[in-house]
K.L.:
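Dumping the structure here so I can ask a few things about it.
Read the numbers this way: they start at 1 and go in the same order the structure lists the ligands and their atoms. Quick note: numbers below take in every heavy atom, side chains included, and nothing from hydrogens, waters or symmetry partners.
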Amino acid sequence: MPRTRPTARRWGRAPLMSVPNDQPAGATEYRLSKSRVCEGLQCHKFLWWRMHEPEAPELVIDDPAARFRMDQGTEVGELARQQVGPGELIDFPRDQIEAKLAATADAMRRGAQRIFEAAFRANGIFVAVDVLERDGPRYTVIEVKSTTKVKPEHIGDVAVQVHVLRQCGVSVTRAEVMHLNPDYTVPTSPNLPNLPQLFVREDVTPSVEIYLLDLSVELAHQFAMLQGPRPEVPIGPHCFEPRDCPFMDRCWGDAPEHHVSSLYRIRSDTAWALASDGHATILELPTELKLSVVARRQVEAVGTQTMIVEPGLNAALAGLKGPIAYLDFETVGPAVPVWSGCHPYTAVPVQFSVHTERADGGYSHCEWLAEGPTDPRPVIARALIEACRGAGSVLMYSSFERVRIRRLAEDVPELADELLELDGRLVDLEPIVRNHVYHPGFGGSFSLKEVLPALIAELSYDDLEVNDGQVASVLLNRMLLRTAPADAGESAAHRANLLAYCKLDTWAMVKLVERLRELASA
Ligand code: SF4
């Protein structure tokens, strides 16, 4: 059965590698960490596989983006400790659970005011508290998050910790989530007074207390479930919330093509309500369901298995002014910002590629990639203005580049006029596709990832070392913002791979416009 608990119960943490404490301990005994409990609340089948197949290939973290997020979380945790003040760090290798428990017990006996990574275990569940603060006989549990706000899944995460600590006899009277402050700004001068701190501490005690009311029952269900055969859990929104389940390939293999959840811009709750009422695909929708023009086009294209091209495509393309330039940015958006005026996760362009039509029918190419940790904005802004000089329409795919250029105009005021003039020439290609073309292969999405293979089969990113925007961003972060000295050979290879990736992004747009012109004139 699908999980039918309220939203706050569908929570979890970033997938972590399983720790020895999580391994099955025998036919009738399982030990869980907080992370595993969270996975169980996302989906019992997920937890069952995690515990019964700890070596499953799906659980191996070989995704650079996931590793980067974990590293970033570690950095955020260390900075949070600096902000809260001095304390005792329970610092043992990951698998030395007993040593962690003993050291924490010792620090508690000595009346430590503040303990970092305080370890507790009760009734088979192990937790490590990011920050445990003592106020006389009472304690506050503080969970540090790399987010810029409290998310629903954080409440459950903290509740598990409070539950275990209380089971251990610790009087926890307050619970907080300490997250990055979205208003934190890297100062233009470090001596400015009254700067907001990097973190804010939010009291989540009332929500946690409510959550705790039925947590014990849920935990009992999880332990009982693990003793039995694999539970039957249908696919649903829990496969994606709070994060993508690693076992998606196993469960979604039998899902029908054009599942109802792939209907263009359908709300998740509407889609899964329809699915549970037996409307499995977008071809079985109830007649009373109101569809947008785009969704109707999608249903028609899928029903007839043909690509639909609206007559207005020709006029939309005719509105483009030559010579057309094609622009793509890559950005870094570190959790802990480094350049003045930036907030946590502010996306700063550090690379671009521009292809421009030439009079002879060919294309010229221009690219730029930052070199190191120096603020790249003034230099990239200048290079960008030059690269687009003389172009008529400057095409991008999605509004991402426009938002970044407007932000650059604020951050580099001496170039604001020229950047805003460039902004006036930007044209988003995505709505041109969305409003005029639907191919059954789009799957309800107009991202380039879906559109390109459907419209230009011969164009492939497969031969590139970097073939994904997230990986590009991770590499850029590592290359530009790393504190450790870089390996020269590795950096050169990364640069070459990043340049090739960004260049293909704009070349893909060139080919897409060529294809759209063919379709418009067919
Ligand atoms: S894919 Fe969905 S149903 Fe399958 S284990 Fe993961 S969350 Fe559960």
K.L.:
Are H439 and F446 an aromatic pair, judged by ring center distance below 6.0 Å?
P.N.:
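No - the distance between ring centres of F446 and H439 does not fall below the 6.0 Å cut-off.
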
K.L.:
What's the shortest distance from atom 6 (Fe) of ligand 1 to any protein heavy atom, and which residue and atom give it?
P.N.:
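The protein heavy atom lying closest is C245 SG, 2.3 Å.
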
K.L.:
Under 4.0 Å from a heavy atom of V233: give me the atoms of ligand 1 that qualify, with their elements.
P.N.:
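Selected atoms, number and element: 3 (S).
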
K.L.:
Below 4.0 Å, non-hydrogen atoms only: which portion of C43 touches ligand 1? Side chain, backbone, both or neither.
P.N.:
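Side chain only.
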
K.L.:
List the closest protein heavy-atom neighbour of atom 2 (Fe) of ligand 1: residue, atom name, distance to the nearest 0.1 Å.
P.N.:
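It is C239 SG, 2.3 Å.
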
K.L.:
Parallel, tilted or perpendicular for H259 and W272, by the 30°/60° rule?
P.N.:
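Ring orientation of H259 relative to W272: tilted.
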
K.L.:
Give the residue, atom name and distance (to 0.1 Å) of the protein heavy atom nearest atom 4 (Fe) of ligand 1.
P.N.:
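Going by distance alone, atom 4 (Fe) of ligand 1 is nearest to C251 SG, 2.3 Å.
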
K.L.:
Verify the ring-centre separation between W252 and F240: is it less than 6.0 angstrom?
P.N.:
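Ring-ring flag for F240/W252: true, centres closer than 6.0 Å.
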
K.L.:
Taking 2.8 Å as the cut-off, does an N/O/S atom of H238 lie below it from atom 2 (Fe) of ligand 1?
P.N.:
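For H238, the answer is no, given that no N, O or S atom comes within less than 2.8 Å of atom 2 (Fe) of ligand 1.
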
K.L.:
Does the ring of F400 carry R404 above it, NZ/CZ under 6.0 angstrom from centre and within 45° of its axis?
P.N.:
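Yes, R404 sits over the ring of F400.
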
K.L.:
Is it the case that R297 places NZ or CZ above or below the six-membered ring of Y438, under 6.0 angstrom from the centre and within 45 degrees of the axis?
P.N.:
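Output no; distance or angle outside limits.
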
K.L.:
Looking only at protein heavy atoms, which one is nearest to atom 5 (S) of ligand 1, and what is the separation?
P.N.:
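Closest protein heavy atom to atom 5 (S) of ligand 1: F46 N, 3.6 Å.
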
K.L.:
Can you tell me if E58 has over 12 outside heavy atoms packed within less than 6.0 Å of its CD?
P.N.:
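Counting other residues, nucleotides and ligands, CD of E58 exceeds 12 neighbours.
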
